Amino acid sequence: MTGPPAAPRLRAVARRATARTAPGGAASGGPAAEERCDLCAERLAPDHRHLLDLLTDAVSCACRPCSLLFDRHEAGGAHYRLLPQRRLRLTGTPIEDHLWAGLGVPVDLAFFTRSAESGQVTARYPSPLGTLRAHPDPAVWQEVLATDPALAGLADDVEALLVHRAADRREQWLLPLDDCYRLAALVRAHWKGLGGGTDVWQHVERFFGTLDAASATDDTSTRTPQEASWVSP
C-alpha cells in the first residue's frame, strides 16, 4: 500500500473542506476568498461542481457552463470526467468481517474506486498523514459486489463505495469522489495522537449524520453539493 502526495487541485479541495472551521473563515464570519473556475477563470458559485483529471488524479473546480460542457461521458474524452452528485445509502448486506479482512484494508473507514481503463479497484483510507492506498484482491472485490445489487451501478473513476465500520457501525454509501476526499480532509484536520482522539470521531459521526438527515428529507441524488454538504461548521 502506498500514500503518494496529493495533487495540487486535490489539496485545494481538501482545504475548502476544512476552511469553515478555520479562524477567520466562512464559519466565523470572516471574508471568504473568491473562487474561480479552473478552466475558464469565471467566478464560482458556492455549490459548483468538480472535474476529475483522469491523467493526473487531480480535482478541478468548474463553473456551471463548464460543468454543462462536461456533463456527457464522451465530452471529456480520456482527460476529464464530471464528478456526479448522487449520494445513495446502500441497504443490502453489509460487508462481512472475513471479506473486509480479505480486502486488505487495515482500518474501519475507507472508500473504493474502480478504474475504467484498467478495471483495477483502489481502496483509499484517511489517516493523519493524508489518504493512503491499497489494491484489494480482485476475487474478493467480486464477492463484495455480490452483497448488494446497487454496487453494480458504481460509476468508474468518479464515484466511490464508502464503508464506515468503526465503533460497530455498518454504513455503506455510493458517493461522489470529491465527497470522500472531503471526509479524508476532515479526519486529517481533527486527528490527535496515535488513535485519533474522541474529537475526530465526533466529527465523523456528525458527517454521517448529515448524510442521514439529507436522505430522510429528500432524494440525495438531486441535491447539490452545498445542500448535502458533509462539512460540519
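Residues: numbered from 1 along the sequence shown. It should be emphasised that the depicted structure is a prediction, and the values quoted were computed from it without experimental measurement.
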With a 4.5 Å cut-off on side-chain heavy-atom distances among I, L, V, M, F, W and Y, is there a chain of contacts connecting V163 to L154? yes

E159 bridged to R86 by N-O distance under 4.0 Å: yes

L162 CG to L109 CG distance, which is reported to the nearest 0.5 Å: 6.0 Å

Given side-chain contact (heavy atoms from CB on, under 4.5 Å), test D53 with V59 step by step and report yes or no. CA-CA 6 Å; D53 187 330; V59 171; over 6 Å; no

Reported NE2-to-SG distance for the pair H48 and C37, which is rounded to 0.5 angstrom: 9.0 Å

What distance do Q85 atom CD and L175 atom CG have between them, rounded to the nearest 0.5 Å? 12.5 Å

Quick one, F70 with L39, criterion side-chain contact (heavy atoms from CB on, under 4.5 Å). Give me CA distance, side-chain angles, the key distance, then yes/no. CA-CA 11 Å; F70 289 96; L39 277 72; 3.3 Å; yes

Would a distance-only check, ignoring hydrogens and angles, find a side-chain to backbone donor-acceptor pair under 3.5 Å from T131 to S127? no

Can you name the side-chain contact (heavy atoms from CB on, under 4.5 Å) partners of D97, sequence neighbours left out? R165, R170

Might you work through the side-chain contact (heavy atoms from CB on, under 4.5 Å) test for L52 and L54, ending with a clear yes or no? CA-CA 6 Å; L52 176 68; L54 298 176; 3.8 Å; yes

Rounded distance (nearest 0.5 Å) linking atom SG of C61 with atom CZ of R49: 12.5 Å

Pair up each side-chain donor or acceptor in residues 138-145 with any protein partner under 3.5 Å, not counting sequence neighbours, and list the distances.
none

Test: R133 and D57 ion pair at under 4.0 Å: yes

Flag the pair L174 / L161 as yes when at least one side-chain heavy-atom distance between them is below 4.5 Å, and no otherwise. yes

Which residues satisfy the salt bridge (Lys or Arg N to Asp or Glu O under 4.0 Å) test with R114, sequence neighbours excluded? D156

With a 4.5 Å cut-off on side-chain heavy-atom distances among I, L, V, M, F, W and Y, is there a chain of contacts connecting L186 to W201? yes

Enter the distance from L83:CG to D178:CG here, rounded to the nearest 0.5 Å. 4.5 Å

State plainly whether one hydrophobic cluster holds both F208 and V187, where clusters connect Ile, Leu, Val, Met, Phe, Trp and Tyr through side-chain heavy atoms under 4.5 angstrom apart. yes

Does any part of the side chain of C63, heavy atoms only, come nearer than 4.5 Å to the side chain of C40, both counted from C-beta? yes

Any donor-acceptor pair under 3.5 Å from W191 side chain to G193 backbone: yes

For the CG atom of L183 and the NE2 atom of H164, what is their distance to the nearest 0.5 Å? 9.0 Å

Under the side-chain contact (heavy atoms from CB on, under 4.5 Å) test, which residues partner T113, sequence neighbours left out? T122, R124, A160, L177

Trace of the side-chain contact (heavy atoms from CB on, under 4.5 Å) decision for Q172 with I95: CA-CA 9 Å; Q172 297 176 186; I95 300 174; 3.3 Å; yes

Given 3.5 Å as the limit, does a donor-acceptor pair link the side chain of D148 with the main chain of G92, or not? yes

Angle class for the H203/H190 ring planes (parallel below 30°, perpendicular above 60°, tilted otherwise)? parallel

Taking the side chain as every heavy atom from C-beta outward, state whether L151 and L90 have any pair of such atoms under 4.5 Å apart. yes

Residue set satisfying side-chain contact (heavy atoms from CB on, under 4.5 Å) with V105, at least two apart, ordered chain then number -> W100, L103, V107, A110, F112, A123, Y125

Residues passing the side-chain contact (heavy atoms from CB on, under 4.5 Å) test with S118, sequence neighbours excluded, are S115, Q120

